[in-house]
*Asks:* 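Attaching a single structure in structure tokens format; questions to follow.
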Amino acid sequence: MIRTKDVNKIYKNGFHAVNNLNLKVGYSDIFGFLGPNGAGKTTTIRMLDGLLTPSSGEIKIGGWDIQENPLEIKRMIGVVPESHGYYSWMTAREYLEYFSDLFRNGEKQDDYIQELLENVGLSDRQDSLISQFSRGMKQRLGIAKALVNQPKIIFLDEPTLGLDPNGQREIQQLLKSINQEKRITIFITSHQLKDIEVLCNKVCIVKAGELIEQGSIPQLQEKYMPGYTIEMQTSANLNLLHILQGIPKIERVFLGEEGQIVIVMEKGREENFYTKMKHDIIAQCMSAGIDIETIRKKKLSMEDIFFRATREENQEK
Amino acid sequence: MINTMIKKEFRECLFESKGLWMVFSTAVLLSILSIVVVNIKEGSVLAQTDILQYAMKAIFFLTFIVSLVLGASSFVSEREENTMESLLLTPVSKEMLTFSKYVGVLLIGCAILAISMPYLVAIGLGTQFVGTSVILTLFIGGILELSFVAIAVAFSILFQSSKASILTSILVLILVFMPGMMSGLLKQSVIGRILLRMDPIANAFDMMKAVLSDQLPIHEQLVHLPSLVIFLIIAFIFLCWAGGKVSLKGEK
């Protein structure tokens, strides 16, 4: 759906915002585009939606070259820009009708607008002025506006920025349902790594304009934490350290930041490896008379992956 | 599509850019002017045609000031409110966007000109020049309104803050008005006379004076038209050039 090849963006002042970016986003993917501030995320989105021209490289959206077919691409995409502005003197319905007219050359689509208002939960406020809307409502209206031309892809730049936890969850659910029901590809940037973890099936991490990671979340979890890791809390964590180090296929055992025991196992390929290892550990604890309070498989969060990826990049440099 | 855009721009000028308030203020100012003029007209040392010309100049000035403020904030306010990006992401061309903003502001200017006509009639009542003054105001005012709005919208594309855009537009208005207001002084020198011949406002005032005070036929005064038309052409060229430069530049 989206493919970029060696895309570069150098601004007039010489700032190299994007450096040889190669992206591949598939049909109906929810693609998370991550990076610290100033990593080139907004510049990339603006190049993908045609607002900025790349200094070099090739961008194809739905098979169309963005430089040769900008109008076709504008009709195919919807965008919720960062710090989205609204015509506060319009009502929600007027706002959607206005953008609908711009895309459809005046052809009315009242039923579709009604459907959009219902989908984003604003049908009961459709005749209220936008100036009376909360931030979350405005953001949902922005998403409805991005869908007004029935796009195949939507780009969202920090869609949950400044929203309270309820607002964040509403946007997450809305985006998930859009993706599942309408099969729309979603390209999202966010500093809320939990959003990314919940929503995205693929992510990429950029730093200083360069791509440093790309793949599915399980792939990245595997890359940054190979093998299995178990976290457990017992009645005698310190004593258990020595006992567990004797178990075969355990690579290392240490105390975590919160005093819990962290057990890193060798990469096991045989079936039920994790279950067998868990049984062995429980058996050792029982024979030593140590009570287990909790035991669980540890997975890297998106936050861990992000920090590790960006930190490793720093260390390499 | 263009109807939708013009309608939106017109409504935006009225409601968002305080256009409604400006139109109302203009009506109040004209009402005060009319009351004052009607009450002193009998005893005034000024000829009635002179009073009529002052009223026409006041109408021009108020119309252009309001149009300039609205035109100069048209694109800048989109950038300041972060709504520009959404507009640029639609299939609407930059030229179409510029045209719709231009027409939207123009409609407000036309509305002010229309509103001011009854006041002009009230001021000119009892003279034989009511019809002529209305025609002259609409004709000259129309051409100058087209020009000034074009300049203001162009500045709003080029500048990044509404303050800079509005101030520059008003400065242009003052510069263009100045020779017309100082014609007596400027006629004393060769450069001044050249300036007066080039200046659209000075020509407009001369035309008004010739028709209303000297009672010469309008068609004989068409000699004053070229400067107005040239000013209009320059303003349009400036707007077309700026229209191609519509961008996100300056968005917060």
*Asks:* Looking only at non-hydrogen atoms, find the nearest pair between R79(B) and S156(B) and report the distance.
*Replies:* NH2-O, 2.9 Å
*Asks:* Quick one: of H84(A), E94(A), K74(A), E72(A), who has the most non-hydrogen atom pairs under 4.5 Å with chain B?
*Replies:* K74(A)
*Asks:* List the residues meeting salt bridge (Lys or Arg N to Asp or Glu O under 4.0 Å) with K9(A), not counting sequence neighbours, and say none if there are none.
*Replies:* none
*Asks:* Quick check on M96(B) against chain A: is it the side chain, the backbone, both or neither that has a heavy atom closer than 4.5 Å?
*Replies:* neither
*Asks:* Which one wins on heavy-atom pair count under 4.5 Å against chain B: V80(A), L51(A), I77(A), D49(A)?
*Replies:* L51(A)
*Asks:* R93(A): what forms a side chain to side chain donor-acceptor pair (under 3.5 Å) with it, not counting sequence neighbours?
*Replies:* E97(A), Q114(A), Q126(A)
*Asks:* Is it true that Y95(A) and F133(A) have ring centroids separated by less than 6.0 Å?
*Replies:* no
